[in-house]
Amino acid sequence: MFEIFKFKSKTIEEIPTGSTDTTDQPEPIVDDFDLDLGDLESGPKRPKLKQFPLTQFGSQKRGFNSSYYVNNNWLEYSINKDAIFCYACRIFGNNHTEPTFTSVGFKNWKKLCGSRGLKNGKQSKLDAHASTKTHLTCMAKWSGHNITVQKTGTVHTQLTTQHQLEIAANREYMNSLIDITLYLATQGLAFRGHDENKTSLNQGNFKEACVLFSKHMPKFSEIFSKDTNYTSHHIQDEIIDICANSVKDSIIEEVGPGIFSIMCDEARCYKDEQMSLCIRYVKDFDIKERFLGFIDCSEKQDAQALSDHILNYLQTCKLSEKAQIISQSYDGANVMSGKFNGVQSKIKTKFPHATFTHCMAHRINLVVVDMCKIVKETSSFFNTIECIYVHFSHPSKNRQLTDLQKSLGLKIKTFGRISNTRWNCRYKNCEALKQCFRSILIVLKTEIENEADRDVNEAIGILSTITKGQFVVVLFIMSHVLCTINILSNMFQDKNATLGKSAKLINNVIKSIEDSRTSESFSSIWTSIQTFAKEHGISIDIPSQPKRKRQQPSHLVQFLVSTTTGATSEAVDVETILAEDYFRINIYFKVLDSIIVNLKKRFSNENLSLAVGVDEFIKLNYDGSTQFIDHYKDLPGLNICQQSLRSEMMVAKNYLVEPEIGDIGDIKKNISPQVFPNFCKMFQLALTLPISSATCERSFSAMRKIKTWGLTNFNHTNEMNDSEEEDTLVNVDDNNSNDVNDVHDFSHISATETITEKTELENTFTTEKRKLLKEKRPTKKIKQNEELVSMFNRNNDERQQILNALNKVEEDEDPIDLFFKIIASTIKSFPQHLKIKTKKEVFNIITDLEIENNCSSTSTSNKSIQSTSSLFSSPNPSIQSSSHSEFSTYNRPSQYIFPETDGRQSENWTQPFGEPNYEPLQYDDSQYE
């Protein structure tokens with residue numbers, strides 16, 4: 001708006017104080033860009049020098065004095081030109097402003113004060129300039145500018161402030177979109193809808209959430225209501241991608257150049273094979289298990305391909321080259337756990353210290369699966385539970401069961417499918433069966449009595465099986481054993497579980513099961529069995545024994561058989577042995593022996609040697625943890641001094657109180673890395689070792705929720721795309737929600753980067769959409785032509801119908817009646833003004849034809865005139881000639897009252913059929929005289 005000058009100024013010390021004589025020299029025009037004057041922001045420059053330059057005027061030397069500043073606030077002085085200027089006129093003036101005080105500069109110091117002129121009533125040069133109209137106008141502009149600057153700032157400031165406000169509003173809007181994205185991703189909800197048009201009743205979760213925000217946030221609604229509102233599918237995917245990258249970057253940043261462990265597992269996703277990759281690391285002695293992503297390994301699933309996938313994915317995540325893999329945990333598949341050619345051996349070639357840990361959660365599940373294969377009674381028991389699950393999966397039967405549980409005041413329990421890969425399914429089904437046993441009996445009996453459907457035979461079979469004494473005994477035995485096993489299973493699924501804790505707990509569980517293998521322990525279970533059987537009217541009898549004994553194969557006589565072979569034990573004398581002793585020997589001890597043998601086999605000392613060493617290390621026992629220390633002492637970047645480590649562990653053991661030794665929480669509180677550096681490094685390494693791959697299983701659960709029909713609207717293929725994988729990354733772990741908070745931080749983004757990049761994409765999409773709609777939208781002229789063609793076709797159809805009707809007249813129907821009926825149906829379809837016009841025209845035509853007919857008749861002219869005259873002149877319409885009776889009846893409705901023939905309009909004239917604003921018909925009688 002105003003030009004802001006930038007001038008070169010000299011220091012005060014550089015100004016010469018000599019005099020020059022410029023009396024006879026013309027005043028040169030000063031270049032504004034050489035002036036050292038003020039601008040719009042700085043204001044007038046008013047230097048105060050000890051001695052201003054002097055100029056020779058005749059016999060005197062004169063110069064400027066700073067005292068002139070006092071009464072003239074607009075005055076400014078240029079040191080370079082030794083001249084004064086008017087700041088207001090120079091900044092706010094126009095072409096008509098006096099150039100002396102704007103561009104030339106005034107330096108005639110003799111006329112500055114005008115002392116001689118004051119005696120004659122003349123003004124000085126300063127006062128004369130100050131009183132000019134142009135100067136006063138410029139001063140008013142300057143004053144208004146100062147007031148505006150004080151209130152709202154300069155124009156530049158206002159534009160900058162408005163720009164900042166727009167940036168803040170855009171960032172707040174984007175923050176809201178990010179919050180919506182995080183909520184949907186965390187809850188595993190679909191983003192898209194089947195129909196996302198504005199007229200749709202359900203536009204999808206993302207846009208419906210935006211609509212909800214708009215109702216309560218006016219600023220959000222203002223941007224969301226625009227054509228470019230940044231809610232397209234591309235931007236949704238980009239926000240998810242930003243969130244996923246933020247989570248992944250935070251994980252990689254926390255790992256840094258340190259140590260970590262990997263956990264992998266595979267699962268089928270439709271027709272694709274997906275491998276879940278998770279890592280375990282420690283930050284500030286807090287254990288972190290985080291999901292990194294899914295790896296598509298559909299092409300090849302051998303050990304070399306899978307190991308390459310893992311290493312390449314870690315490299316893609318930009319993991320530090322100094323980071324070391326110290327352990328790996330997979331399931332027991334040969335391709336993963338193979339000692340020579342498995343994935344674990346391939347990883348060890350690059351990371352030699354990466355020990356392999358067979359997932360303990362899988363191992364404890366295999367113990368139960370093997371037990372069910374060995375003890376045939378348990379196998380039959382779980383087959384029955386599977387039948388109960390299938391039977392009550394029918395909606396009507398399940399409703400009967402749940403309603404009955406409510407009426408009996410029981411907690412509603414449901415059954416799950418028995419699966420070898422579901423770790424707790426057997427224990428949960430046993431507990432559910434015990435609690436809802438009574439309601440199951442009632443529902444089955446009711447179903448059998450009613451014989452409502454074809455599944456009644458299945459109900460009979462289930463009822464007869466569960467009411468046997470052996471089934472109840474196995475139910476209580478399995479509930480007792482699996483309750484103990486479930487402790488291990490839950491511990492192995494805990495993210496904070498350590499290898500040292502697991503070894504200790506496994507040994508304690510084995511010892512507890514061994515201690516329970518006594519008659520006294522079974523007696524307490526037997527008491528509960530008898531009480532339960534008595535409540536439900538079940539008799540605990542020894543099952544019938546087969547007459548023929550199946551022998552063990554001869555080649556297995558000298559071997560310890562750990563699986564079923566079909567051989568039966570020796571026949572039992574039912575009359576001499578008690579039921580308690582029979583079930584204790586043949587079922588209870590068999591189950592416990594199988595569990596104990598499999599636990600010791602799968603969790604042997606060789607397999608748990610490293611875990612035992614970690615447990616001893618946490619107990620601060622250096623001698624017992626030498627295997628663990630020796631294995632990792634040469635790890636690159638660890639720099640462990642064994643002598644210092646021994647000393648630190650000894651001091652720490654004496655420093656901690658006896659109950660605190662071996663407690664991880666107390667070690668975290670009392671042991672400082674600055675005081676015990678070597679111990680803290682090994683302690684962090686011990687916490688990093690994984691015990692299971694349960695986190696991978698949780699990622700598959702999230703993948704199953706996300707990979708559904710509703711969520712595959714990201715695209716219409718069955719392949720798992722990047723958006724779904726990133727959605728899983730945000731959804732799978734609660735810790736991830738804390739990492740995506742950085743997405744809301746726009747401080748490092750420039751003002752235009754926040755939304756400008758997306759604007760181009762949105763504008764392109766909007767332009768193409770409008771162009772497409774414009775091409776398809778018919779013009780107004782085309783619409784009118786189409787309407788005319790349609791009207792012509794409709795009229796032609798009506799005319800054709802009339803002609804067809806006339807051609808098909810029946811013999812018993814008058815053609816004249818039929819003709820007027822068809823004409824009447826056509827007139828009814830006309831608009832109101834055309835109906836009125838038609839009635840006028842028809843009335844005139846019929847009247848003329850009637851008069852013509854009367855005039856051409858053989859009767860006398862007087863008679864004709866009288867007849868015609870009677871038609872129009874009679875005040876009583878009923879007095880008419882007989883020759884007009886037919887016309888009057890057919891064409892003149894009763895509401896017509898004809899006007900008089902003397903040229904005056906009757907006051908009783910009534911408009912036909914009650915139409916408003918209808919003028920009565922006027923007749924000229926002169927033509928009939």
(Q) Could you tell me if S699 and S276 have a donor-acceptor pair between their side chains, going purely by distance under 3.5 Å? (A) yes

Q: Examine K434 relative to F476 and say whether NZ or CZ is less than 6.0 Å from the centre of the six-membered ring and inside a 45° cone about the ring axis.
A: yes

(Q) Whether the side chain of Q328 engages the backbone of A354 through a donor-acceptor N/O pair (distance < 3.5 Å, no angle test) should be reported. (A) yes

Q: Would you mind checking if D593 and R517 are paired as a salt bridge, meaning a charged N to carboxylate O distance below 4.0 Å?
A: yes

Q: Take Q400 and H394 through the test side-chain hydrogen bond (donor to acceptor under 3.5 Å, both in side chains) and record every step on the way to the result.
A: CA-CA 10 Å; Q400 294 176 8; H394 196 277; over 6 Å; no

Q. Do any N or O atoms from the side chain of H358 and from the backbone of G332 form a donor-acceptor pair under 3.5 angstrom?
A. yes

(Q) Taking the side chain as everything from C-beta on, heavy atoms only, tell me whether F617 gets closer than 4.5 Å to F679. (A) yes

Q. Does the side chain of L441 come within less than 4.5 Å of F437's, by heavy atoms?
A. yes

Q.
Can you tell me how far apart SG (C436) and CD1 (I412) are? Round to the nearest 0.5 Å.
A. 10.5 Å

Q.
Would you call the rings of Y588 and F522 parallel, tilted or perpendicular, taking 30° and 60° as the class edges?
A. tilted

Q: Begin from the C-alpha positions of Y632 and T355 and carry the test side-chain hydrogen bond (donor to acceptor under 3.5 Å, both in side chains) through to its verdict.
A: CA-CA 10 Å; Y632 290 107; T355 59; 3.2 Å; yes

Q. In Å and rounded to the nearest 0.5 Å, what is the CZ to OG distance from R426 to S489?
A. 11.5 Å

Q.
Less than 4.5 Å apart, side chain to side chain, heavy atoms only: is that true for S345 and K339?
A. no

Q. With a distance cut-off below 6.0 Å to the six-membered ring centre and an angular limit of 45° from the axis, does R698 pair with F291 as a cation-pi contact?
A. no

Q) Yes or no on side-chain contact (heavy atoms from CB on, under 4.5 Å) for F628 and L610, after CA distance, side-chain angles and deciding distance? A) CA-CA 6 Å; F628 166 67; L610 184 61; 4.0 Å; yes

Q. Where is the tightest heavy-atom contact between L401 and S439, given as atom of each residue plus distance?
A. CD1-OG, 3.5 Å

Q.
Ignoring hydrogens and geometry beyond distance, is a side-chain donor-acceptor pair present between T357 and Y330 at under 3.5 Å?
A. no

Q. Are any non-hydrogen side-chain atoms of I251 and K288 less than 4.5 angstrom apart?
A. no

Q) Do the charged groups of D272 and R268 touch, with an N to O distance under 4.0 Å? A) no

Q | Residues L404, S407; criterion side-chain contact (heavy atoms from CB on, under 4.5 Å); working and verdict | A | CA-CA 5 Å; L404 186 57; S407 62; 3.6 Å; yes

Q: Decide yes or no on side-chain contact (heavy atoms from CB on, under 4.5 Å) for M336 and Q344, but give the supporting numbers first.
A: CA-CA 6 Å; M336 304 296 292; Q344 62 131 331; over 6 Å; no

(Q) Strictly below 4.0 Å, N to O, side chains only: are K283 and D286 in salt-bridge contact? (A) no

Q: Write down the atom of T378, the atom of V375, and the distance for their closest heavy-atom approach.
A: OG1-O, 2.6 Å

Q | Main-chain N/O of Y582 paired with N586 side-chain donor or acceptor, under 3.5 Å | A | yes

Q.
Using a 3.5 Å distance criterion without hydrogens, assess whether the side chain of N383 forms a donor-acceptor pair with backbone atoms of S379.
A. yes

Q: Evaluate the salt bridge (charged side-chain N to carboxylate O under 4.0 Å, His left out) criterion for residues D370 and R602: first the C-alpha distance (whole Å), next the side-chain angles of each, then the deciding distance (0.1 Å), finally the verdict.
A: CA-CA 11 Å; D370 292 342; R602 297 188 179 276; 2.8 Å; yes

Q: Take K504 and T498 through the test side-chain contact (heavy atoms from CB on, under 4.5 Å) and record every step on the way to the result.
A: CA-CA 10 Å; K504 183 178 180 180; T498 62; over 6 Å; no

Q) Roughly how far, to the nearest 0.5 Å, is the CD1 atom of I485 from the CG atom of N598? A) 10.0 Å

Q: Rounded to the nearest 0.5 Å, what's the gap from NZ on K653 to CE on M649? Could you check?
A: 8.5 Å

Q. Salt-bridged, E386 to R417, with N to O below 4.0 Å?
A. yes

(Q) Just verifying a value: how many Å separate H536 NE2 and I440 CD1, rounded to the nearest 0.5 Å? (A) 9.5 Å

Q.
If you apply the rule side-chain hydrogen bond (donor to acceptor under 3.5 Å, both in side chains), what do you find for S521 with T518, and how did you get there?
A. CA-CA 5 Å; S521 298; T518 59; 3.0 Å; yes

Q) Tell me, do R290 and E254 make a side-chain contact under 4.5 Å, heavy atoms counted? A) yes

Q.
So for atom CG, which belongs to D403, do other residues, nucleotides or ligands contribute more than 12 heavy atoms lying within a distance under 6.0 Å?
A. yes

Q: Check whether the side chains of T531 and S528 place a donor and an acceptor atom closer than 3.5 Å, and report yes or no.
A: no

Q: Locate the shortest heavy-atom distance separating V614 from A686; write the atom from each residue and the value.
A: CG1-CB, 3.8 Å

**Q.** Shortest non-hydrogen contact between S337 and D331, atoms and distance
**A.** CB-O, 3.9 Å

Q.
With a 4.5 Å cut-off on side-chain heavy atoms, are K495 and I287 touching?
A. no

Q: State whether the side chain of S380 and the backbone N or O of K376 hold a donor-acceptor pair below 3.5 Å, judged by distance alone.
A: no

Q: To the nearest 0.5 angstrom, please state how far the CZ atom of F382 sits from the SG atom of C387.
A: 13.5 Å

Q.
For a quick test of reading the model, state the closest non-hydrogen atom pair linking S692 to S329 and the distance between them.
A. C-OG, 3.6 Å

Q. Hey, does F285 have a side-chain heavy atom less than 4.5 Å from the side chain of I667?
A. no

Q. Checking side-chain contact (heavy atoms from CB on, under 4.5 Å) against I466, which of L444, V472, I538 comes through?
A. L444

(Q) Show the nearest heavy-atom pair for residues K668 and F683, with the distance to one decimal. (A) CG-CE2, 4.3 Å

Q) Can you name the salt bridge (charged side-chain N to carboxylate O under 4.0 Å, His left out) partners of R280, sequence neighbours left out? A) E289

Q. Is it true that D455 and K397 make a salt bridge, defined as a side-chain N closer than 4.0 Å to a carboxylate O?
A. yes

Q) K600 versus I510: any side-chain heavy-atom pair under 4.5 Å? A) yes

(Q) Strictly distance-based, threshold 3.5 Å: is any side-chain N or O of Q301 a donor or acceptor partner for the main-chain N or O of C297? (A) yes

Q) Should the pair D541-K468 be classified as a salt bridge under the 4.0 Å nitrogen-to-oxygen rule? A) no

